[in-house]
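Presented below is the structure to which this report refers.
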Amino acid sequence: MSVGENIPHDSAVGHATGQSSFIDDRPEVQGEVFVGIVTSPVAHGKIKKIDFQEALQHPDVLAIFRGRDFHKNVWGTIVEEQPLLADPIVSYMDEPVLLIAVKDRQSLPAVRRLIKIEMEEIPSIFTIDEAVAAKKFSYVANPFVQGNVIETLQKSPHRLNGVFECGGQEHFYLENQAAIVYPLENGQLEIHSSSQHPTETQHLVAHAVGLRYCDVVSVVKRLGGGFGGKESQAAPFAAYAALVATKLKKPARCVLSKDEDMKITGKRHPFKIHYEVGFDDQGLLIALRAQLYSDGGAYTDLSPSILERAMFHLDGAYHIPNVEIKAACCRTNNHSNTAFRGFGAPQGNMAMESIMEDIAIYLKKDSFDIRRANCYGTHQRNVTPYGQCVENNQLPFLFDELYKISDYEKRSREIQAFNLEYSGKVRGLSMTATKFGIAFTARFLNQANALVNVHVDGTVQVSTGATEMGQGVNTKLAQIVADTFGIPSNMVRVMPTSTEKNHNTSPTAASSGADLNGAAVLEAASRIKQRLQGLDTKLSWTDLVKKAYLERISLGEYAHYKTPGLDFDKNVGKGKAFNYFTMGTAVTEVEVDEYTGESKVLRVDILMDIGRSINPGIDKGQVTGAFAQAMGWVTTEKLVYDQKRHLLSHSPTTYKIPSVQDTPPVLNVAFIENHTNTVNVHASKAVGEPPFVLGLSVWTAIKRAIGVRFSGKIIPLQSPATGEQILGLFKKMSSDSHK
Ligand code: MTE
Ligand code: QUE
Ligand code: MOS
């Protein structure tokens, strides 16, 4: 019981009624100050002079700080190289440069106008092409190689090559970056922030103001969405508040506006992928050679791990006998790009799905047949480019089953008929798939710890390093504990995440929050249960707990979990990188208007293997949410900059995320039965990121729809497929075909 039930999200009522408390909902305490940020006016330059004397005279201003005021003005999750406040070199437009401590945040615009920054500009690099030409890389990965690519490419009956580009994406969480820091006794600090990684926040704050880790407590109650954007990049804002709190010995609050957040923080990595693919008459892949470039922006951040995950997911759901994948991360003068749901996998997978459509057009076959033929096998053709065997492979079944339940064949014929009848509109149908590797590819992160306290009234408090950002991890953890004890899940409270209770935690990321913390919680709760089983088992739960207390039996437990068996070695590019794979297929039908370029999603069918779900209702929400988010990425969410690299699309009026009107009128989500994933807690599978990749079917369906008018021609569609791009393609391709 409890595990597998559709228990409502533990914040469902709170969110719907507005009672859930986020960082900026915390009541202002006496003496509290607000921390405003002043940012760079150029994308690349040297600060010659900052004059803030006049600003200091403003009655609301308490102090102004520069980078040099930090104990240590440098941070970085993988490489320590990024200044907290740029000083003297700024490396991207709107990079934070100064902090203003004010009594009232309303004064900030007036104060900012009193500050003069003199810059000496330095030439900038904004695009992947410019960075590649200048050999500006923040990271070059060791390639993945299998078989003999050069020889097999040469011998392939058919070859295609091309360049595929996809754009970035703004996280658009509803709660912007936010932190409040309270100074305690003896210089200690208590941080409350909206972070996916409380431990990184604790560590960075300690470095920034010169404290030991034991003098900093970092608390996260919940996030109003993170999506990867608050994994590494939440920490600097806590450091800003910590600096002010330490210097002024007052509580300090740093909360960004949407515009500021969109301009300052990093986004999904744009990618440019060059490829050459060889295949036979049936469309079976023989060889693939690919070179991936990502735009990491000005600093390294998590880019190396994101680039690697793109390499790991370039294969998508398809077996490639001979393959060579090279990859590099470009250093540019853009905001430092960061984790975003999928973590590079969508970008890699997208290139492959694009190739699948191209092969289909080239061979004049249905792209479903090409995909199905290339799909990883269950006993053969099941080794990935990095040498890991695809075990428990459900992909062939997922393809065939969705083909049936989505009525693919019949609808395909109907769409052909529709497209023959001229209406100024064309329709496309396309099925894509994902095989999402679950585990942090950085092995040390695959660990978690949990604390379970049973109180004498029988209620339970649970604490882990997992952060609740809407994905429902707290509800799942409560279910696991309730299930272990055989009690209703409302007797279990998941407490705010705090580094005081759970130390050295990993970020809640890589979709493994519930996996890792769930396993640790299960272990802790099981040990308590074992101790209770020594007592009279006929007693009710509460009487049993009371008796255990009187018998002086410990009712608390702490446990640690690490994922066994991971051994990927990046020096040779081989090994077991993932604990298992979450798999799924999706088929999308779109309609594209030839005269406006507008695209509409008519119907979506999704079929996934998420193992034995701990909470199918929450998981369904994850699937539909991720799909919609991906749909935005591949259609309307375009980041636009001016020549100086000001972000022009810095608010919801100019940056178009999917709205309720864009929701597909038919959106069917189904899960297959699979109880065999015994390598994970309760045989469940992670669900947070994998369905994002399925949103690619919207893009491939658009690509197919455009292709209707240009029979046999490969459609060089890039992502996002905005109306502008689609219209441009129709125009260009029709004028080309008249030449
Ligand atoms: N769902 C909601 N509602 N809000 C979020 O911020 N983040 C996603 C996903 N689902 C997110 C979400 C990302 S990027 C990840 S890695 C996972 O949730 C993290 O949570 P989990 O590991 O507990 O699934
Ligand atoms: C998936 C992820 C992450 C990852 C690898 C994945 C992730 C993350 C890191 C990471 C890597 C190196 C570090 C570090 C973190 O790797 O979220 O602190 O030094 O943070 O496959 O989601
Ligand atoms: Mo998710 S991008 O791994 O935070």
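For ligands, and for the atoms within them, numbers begin at 1 and follow the listed sequence. Everything quoted here is computed from the prediction, not taken from an experiment.
The nearest protein atom to atom 3 (N) of ligand 1, hydrogens excluded, is given as Gly470 C, 3.3 Å; this is a heavy-atom distance. The protein heavy atom nearest to atom 23 (O) of ligand 1 is Gln471 NE2, 3.1 Å. For atom 8 (C) of ligand 1, the closest non-hydrogen atom of the protein is Arg341 NE, 3.7 Å. The nearest protein atom to atom 6 (O) of ligand 1, hydrogens excluded, is given as Gly226 N, 2.7 Å; this is a heavy-atom distance. Distance from atom 4 (N) of ligand 1 to its nearest protein heavy atom, with residue and atom name: Met469 O, 2.9 Å. Among protein heavy atoms, atom 15 (C) of ligand 1 sits closest to Glu689 CG, 4.1 Å.
Scanning for side chain to side chain contact (heavy atoms under 4.5 Å, CB included) contacts around Pro304 gives Ile78, Tyr139, Thr300, with sequence neighbours left out.
Side-chain atoms of Leu204 and Pro236, non-hydrogen and from C-beta on, do get closer than 4.5 Å to each other. For the pair Pro507 and Leu445, the minimum side-chain heavy-atom distance is below 4.5 Å. Residues Val383 and Gln146 have side chains in contact (heavy-atom distance under 4.5 Å, counting atoms from C-beta outward). Considering only heavy atoms from C-beta on, Asn176 stays 4.5 Å or farther from Val255 through its side chain. Considering only heavy atoms from C-beta on, Val623 comes within 4.5 Å of Ile606 through its side chain.
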Present, as a list of atom pairs with distances to 0.1 Å, all nitrogen or oxygen contacts under 3.5 Å between ligand 3 and the protein.
unit_1, atom_1, unit_2, atom_2, d
ligand 3, 3 (O), Ala510, N, 2.7
ligand 3, 3 (O), Glu689, OE2, 3.2
ligand 3, 4 (O), Gln196, NE2, 2.8
ligand 3, 4 (O), Gly228, N, 3.4
ligand 3, 4 (O), Glu231, OE1, 3.4

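The option from His171, Gln622, Glu231 that lies nearest to atom 10 (N) of ligand 1, judged by heavy atoms, is Gln622. Evaluated by nearest non-hydrogen atom to atom 7 (N) of ligand 1, the leading choice among Tyr173, Phe227, Phe343 is Phe227.
Aromatic pair Phe22/His15: centroids less than 6.0 angstrom apart.
If you take CD on Gln347 and OG on Ser294, they are separated by 8.5 Å, rounding to the nearest 0.5 Å.
Taking only nitrogen or oxygen atoms, main chain and side chain alike, Gln196 does not reach within less than 3.5 Å of ligand 1. Of the polar atoms of Gly513, at least one N or O is found under 3.5 Å from an N or O of ligand 1, judged by distance alone. Residue Phe340 has no nitrogen or oxygen atom sitting less than 3.5 Å from a nitrogen or oxygen atom of ligand 1, judged on distance alone.
Nearest heavy atoms, Pro346 versus Trp633: CB-CZ3, 3.6 Å.
Ligand-side atoms of ligand 1 in range of Gly225: 6 (O), range being under 4.0 angstrom from any heavy atom. Residue-ligand proximity, Ala510 to ligand 1, at heavy-atom distances under 4.0 Å covers atoms 16 (S). If you number the atoms of ligand 1 from 1 as listed, the ones under 4.0 Å from a heavy atom of Ala514 come out as 23 (O). Interface atoms of ligand 1 facing Val473, defined by a heavy-atom separation under 4.0 Å, are 23 (O).
Each salt bridge (Lys or Arg N to Asp or Glu O under 4.0 Å) pair with one or both residues in residues 613-628, not counting sequence neighbours, appears once here: Lys476-Asp619.
Note on ligand 1: Ser512 sits in its first shell, one or more heavy atoms being nearer than 4.0 Å. At least one heavy atom of Ala509 sits less than 4.0 Å from an atom of ligand 1.
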Working for ring-ring contact (aromatic ring centres under 6.0 Å, His included), residues His207 and Tyr213: CA-CA 9 Å; His207 296 165; Tyr213 295 164; 5.6 Å; yes

Check step by step if salt bridge (Lys or Arg N to Asp or Glu O under 4.0 Å) holds for Asp315 and Lys435. CA-CA 9 Å; Asp315 60 345; Lys435 168 189 115 289; 3.0 Å; yes

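In this structure, His171 and Tyr173 have parallel ring planes: the angle between them is below the 30° cut-off, well short of the 60° mark. Note on ring orientation: taking the six-membered ring where Trp is involved, the planes of Phe568 and Phe144 are perpendicular (angle over 60°, cut-offs 30° and 60°).
Other residues, nucleotides and ligands contribute more than 12 heavy atoms inside 6.0 Å of the NZ atom of Lys263.
Cation-pi geometry between Lys574 and Tyr386 is not met: the NZ or CZ atom fails to fall both under 6.0 Å from the ring centre and inside 45° of the normal.
At a 4.0 Å heavy-atom cut-off, the residues surrounding ligand 2 are Thr77, Ile78, Glu231, Leu302, Ser305, Arg309, Phe343, Ala439, Phe440, Thr441, Ala442, Phe444, Leu445, Pro507, Ala509, Ala510, listed by chain and number.
Between Glu81 and Arg331 there is a salt bridge, with a side-chain nitrogen of the basic residue lying less than 4.0 Å from a carboxylate oxygen of the acidic one.
Side chain of Lys501 to main chain of Pro496: a donor-acceptor pair is present (N/O by atom type, distance under 3.5 Å, no hydrogens or angles).
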